[in-house]
Amino acid sequence: MNNYHLGTKCVQGGYTPGNGEPRQIPIVQSTTFKYSTSEDMGKLFDLEASGYFYTRLQNPTNDMVANKICQLEGGTAAMLTSSGQAANFFAVFNIAGCGDHIVASSSIYGGTFNLFSVTMKKMGIDFTFVSPDCTPEELDAAFKPNTKAVFGETIANPALTVLDIEKFANAAHAHGVPLIVDNTFATPVNCRPFEWGADIVTHSTTKYMDGHGAGVGGCIVDSGKFDWTKHAEKFPGLCTPDDSYHGITYAEKFGIEGAYITKATAQMMRDLGSIQAPMNAFILNLGLESLHVRMKRHCENGLAVAKFLSGHDKIEFVSYPSLPGDKYYDLAQKYLPNGSCGVVSFGMKGGRKAAEEFMKHMNLGAIETHVADARTCCLHPASATHRQMNDAELEACGVYPNLVRYSCGLEDAEDLIADIAQALDKV
Ligand SMILES: *Cc1c(COP(=O)(O)O)cnc(C)c1O
């Protein structure tokens, strides 16, 4: 599959049926798997043989779909998780624990910000948030001796800042740690962070990958390029024996291509669960089959709506990375030359009240916390997803009180624009 273009991988990646086998991926709706001898099963528990034994850790349907996403991102190993939140939690917790520190872009999804700054902080992991626009010097200054990873979003939800992946990767590597990039909004159709130096990619597959608002899910992909053994003192979980697996050292036994995902599967999934249901993986795969076709349309609609809004006198500002003149236009041209995403953020003149008023008059754009769906949806983050943040925190992550997040679906752009126009007229 690796020699094919991206669209072909979207359609046929991850699963190649043999003679007489189902054309569509089978849904292995089974919690458990049968073995002939206890010795056979024992080998699985020792990670001496590969195979399935319990769906809390691994399931064949999930692995086919994870394999497709792995091929799309150009990675060496991947796993599905029950949600994007689980993906980002596992991606970090797999290599950081109590007493460790992470450098993260301040411009990230509100749920991830909470996960890091509240829940993982309680677990003893310390985060330093840096502006995605920081200088290399400022970024460098954020590192500590106990820093274990750097985290950012290719296109931040909902601020739509574009991460300078090379800048963040260089800083991470100079300090001997991996860069984890949440690539949810761009999808591998529009950006493959590994090509720019990222080491781990995460997804909320709930968004464009599923694309139809049908199933919550997440994914973690490893580039297989970060050499944990070169920084063994920083990553004892990967480079020293795991007593819960008879003293296996993941980096030795599974190499740099497989150590990270094997540990996340064998240890994190075993202990914490949070696997994607096989049925959801099947639904996700239906979405992936048309991802390359849909992303093009989402981006066309996004650009058309952004252009319309930028010429409207009730609009204070428009953020859309592919719009000429946008603060992130140059970075978008570099990292997202074929388009960014279907999400447009804009600020209403008249502040928070005007934004709330505008939302009431939308017909096609439904008010939802969801985003990146076939159906257009919109959200006022300051009164919903980012409600818990004070104004200073909102500003720091680029989510202003008058900001509306408008997620262009797959409808006709003319209808979306007409709907926005009539709603703006009523404000
Ligand atoms: C939605 C989202 C998440 C969280 O994903 P869930 O599937 O909702 O748990 C993480 N990162 C980004 C960028 C998102 O948009």
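For ligands, and for the atoms within them, numbers begin at 1 and follow the listed sequence. Residues: numbered from 1 along the sequence shown.
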Does Lys207 count as lying over the ring of Tyr109, i.e. NZ or CZ under 6.0 Å from the six-ring centre, within 45 degrees of the axis? yes

Is the backbone of Glu166 close enough, under 3.5 Å, to the side chain of Tyr335 for a donor and an acceptor to pair up by distance? yes

Check ion pair Asp133-Lys167 (N to O, under 4.0 angstrom): no

Nearest heavy atom to atom 11 (N) of ligand 1 wins, so pick from Asp210, Asp182, Asn183. Asp182

Among non-hydrogen protein atoms, atom 7 (O) of ligand 1 lies closest to Thr206 OG1, 2.6 Å

So among Thr161, Thr154, Leu160, which one has a side-chain contact (heavy atoms from CB on, under 4.5 Å) with Pro321? Leu160

Per-atom contacts of ligand 1 with Glu153, taking only distances under 4.0 Å to non-hydrogen atoms: 13 (C)

Qualifying residues under salt bridge (charged side-chain N to carboxylate O under 4.0 Å, His left out), relative to Asp63, sequence neighbours excluded: none

Flag Ser204 as yes when one of its N or O atoms lies below 3.5 Å from any N or O atom of ligand 1, and as no otherwise. yes

Counting each atom of ligand 1 from 1 as listed, which ones have a heavy atom of Gly84 under 4.0 Å away? 4 (C), 5 (O), 6 (P), 7 (O), 9 (O)

Closest approach of any protein heavy atom to atom 1 (C) of ligand 1, naming residue and atom: Lys207 NZ, 1.5 Å

Does the ring centre of Phe127 sit less than 6.0 Å away from the ring centre of His101? no

Taking 4.0 angstrom as the limit and counting only heavy atoms of Phe185, give me the atoms of ligand 1 inside it, by number and element. 15 (O)

Just to check, does Gly217 reach to within less than 4.0 Å of ligand 1 when the distance is taken from its heavy atoms? yes

Within the 4.0 Å heavy-atom shell around Gln85, which atoms of ligand 1 are there? 4 (C), 5 (O), 6 (P), 9 (O)

Numbered in order shown, the ligand 1 atoms found under 4.0 Å of a heavy atom of Asn157 are 14 (C), 15 (O)

Would you mind listing which atoms of ligand 1 come within a distance below 4.0 Å of any non-hydrogen atom of Thr184? 12 (C), 13 (C), 15 (O)

Can Lys353 and Glu356 be counted as an ion pair, charged N to O under 4.0 angstrom? no

Tell me, please, which residues at least two apart from Phe90 pass ring pair (Phe, Tyr, Trp, His ring centres under 6.0 Å). none

